Amino acid sequence: MTDSPWLVVGLGNPGSQYAGNRHNLGAMVVEELARRTGSTLGRPGGLAGRRPQATVAEARLGTLPGGAPGPRVVLARPTTYMNESGGPVAALARYYGVPAERTVLVHDELDIPFADVRVKQGGGEGGHNGLRDTSRALGTRDYVRVRVGIGRPPGRMDAADYVLHDFGSAERAEVPWLVDHAADAVEVVVLEGLHVAQQRFHTKDPG
């Protein structure tokens, strides 16, 4: 199915009260990718019927050698809560005919230091409810993950509370860079492949 588009989904929670939360980093990255492609995340046509469960944009991502437009991508942000992300992801994958290896989920990751970006395909969900629901809905774990580090909570703070808090003041200054860096990682996955992205984005750029 090499003629199928890529599906890039940014995980998060709907509503303005969650917009700046750590748990919404994936959604922020997809919004940046939409900005880069000059597209707008909007409601899909007939995809979700009476109750659309994602905002979607169809675009070309990046530029191929010689200046040709990059591959077709479907950028999406579920409008469900994080723990119900699987339904929209699976519906989009079916509708656009996207196999797991061309499905990219962008999400926050507790087990990666803040501001690091890492890329992998398959594996466990690490307690991430959005990934767990997606694996269940797709019937496979073999999709690509762009993992955006938020680090572990301080002291005895509960992880569930930590991800639903906004970034601290020291972190906030780095968030635009981090979102941009993670968006770059998605572009490399789509344009150059998983292994190149893994080599390039597993540590923070020292510059």
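Basis for what follows: all heavy atoms, side chains included, without hydrogens, waters or symmetry-related copies. Numbers for residues simply follow the sequence, beginning at 1. What you see is a predicted model, and the numbers here were worked out from it, not measured in a lab.
Atom CZ in Phe167 sits 10.5 Å away from atom CD in Glu174 (nearest 0.5 Å). To the nearest 0.5 angstrom, Glu101 atom CD is 7.5 Å from Ser4 atom OG. A distance of 8.0 Å separates CG in Leu11 from CG in Asp108, rounded to the nearest 0.5 Å. Note: Leu61 CG to Arg36 CZ = 8.0 Å, rounded to the nearest 0.5 Å. Atoms CD1 and CG, from Ile150 and Leu110 in turn, are 4.5 Å apart once rounded to the nearest 0.5 Å.
Residues Arg118 and Pro113 approach most closely at NH2-CD, 3.8 Å, considering heavy atoms. Of all the heavy atoms in Pro88 and Ala54, the pair that sits closest is CB-CB, 4.5 Å. Taking both residues in full, the closest heavy atoms of Ala93 and Leu138 are given as CB-CD2, 4.3 Å, listed atom of the first, atom of the second, then distance. Scanning both residues, Ala182 and Val148, for their nearest heavy atoms gives CB-CG2, 3.8 Å.
The closest side-chain heavy-atom distance from Ser39 to Leu75 is below 4.5 Å. Residues Asn21 and Val163 form no side-chain contact, since every pair of their non-hydrogen atoms from C-beta on lies 4.5 Å or further apart. Residues Glu58 and Arg72 form no side-chain contact, since every pair of their non-hydrogen atoms from C-beta on lies 4.5 Å or further apart. For the pair Ser135 and Thr140, the minimum side-chain heavy-atom distance is 4.5 Å or more. Between Asn13 and Leu164 the shortest side-chain heavy-atom distance falls below 4.5 Å. Using a 4.5 Å heavy-atom cutoff, the side chains of Leu25 and Val179 are in contact. Between Tyr143 and Val89 the shortest side-chain heavy-atom distance does not fall below 4.5 Å. Contact check for Leu92 versus Val56: side-chain heavy atoms found under the 4.5 Å cut-off.
Side-chain atoms of Thr80 come within 3.5 Å of backbone atoms of Glu84 as a donor-acceptor pair (strictly under, hydrogens ignored). At least one donor-acceptor pair closer than 3.5 Å links the side chain of Gln121 to the backbone N or O of Asp142. Without hydrogens or angle criteria, Thr55 side chain to Gly42 main chain gives no donor-acceptor distance under 3.5 Å. In this structure, the side chain of Arg145 engages the main chain of Gly123 through a donor-acceptor pair within 3.5 Å.
Residues passing the side-chain contact (heavy atoms from CB on, under 4.5 Å) test with Glu31 are Leu41, Arg77, sequence neighbours excluded. With sequence neighbours left out, the ring-ring contact (aromatic ring centres under 6.0 Å, His included) criterion links His128 to His23, His107.
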Q | Residues Leu7, Val104; criterion side chain to side chain contact (heavy atoms under 4.5 Å, CB included); working and verdict | A | CA-CA 6 Å; Leu7 172 61; Val104 181; over 6 Å; no
Q) Between Val106 and Val9, does a side chain to side chain contact (heavy atoms under 4.5 Å, CB included) hold up when you go through it step by step? A) CA-CA 6 Å; Val106 190; Val9 182; over 6 Å; no
Q. Asp133 and Asn83: side-chain hydrogen bond (donor to acceptor under 3.5 Å, both in side chains), yes or no, with the steps?
A. CA-CA 6 Å; Asp133 197 59; Asn83 61 356; over 6 Å; no
Q) Going through the checks in order, is the side chain to side chain contact (heavy atoms under 4.5 Å, CB included) test met by Thr103 and Trp6? A) CA-CA 6 Å; Thr103 299; Trp6 287 81; over 6 Å; no
Q: Let me see the working for Leu105 and Thr134 under side chain to side chain contact (heavy atoms under 4.5 Å, CB included), right down to the final yes or no.
A: CA-CA 9 Å; Leu105 263 65; Thr134 298; 3.6 Å; yes
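A cation-pi contact links Arg22 to Tyr162, judged by a cut-off of 6.0 Å to the six-membered ring centre and 45° from its axis. Note that Arg94 lies outside the cation-pi zone of Tyr96, set by a 6.0 Å cut-off to the ring centre and a 45° limit from the axis.
Leu131 and Ile112 fall into different hydrophobic clusters, where Ile, Leu, Val, Met, Phe, Trp and Tyr residues are linked whenever their side-chain heavy atoms come under 4.5 Å apart, directly or through other members.
Contact check on Asp166 versus Arg172 returns no salt bridge, with no Lys/Arg side-chain nitrogen under 4.0 Å from an Asp/Glu carboxylate oxygen.
Checked options Glu187, Gln199, Arg200; the residue passing with Glu192 is Arg200 (criterion: side-chain contact (heavy atoms from CB on, under 4.5 Å)). Partner Glu125 forms a salt bridge (Lys or Arg N to Asp or Glu O under 4.0 Å) with one of Lys120, Arg136, Arg141 and no other, that one being Arg141.
Leu191 shares a hydrophobic cluster with Leu64; the chain of contacts runs through ILVMFWY side chains whose heavy atoms sit under 4.5 Å apart.
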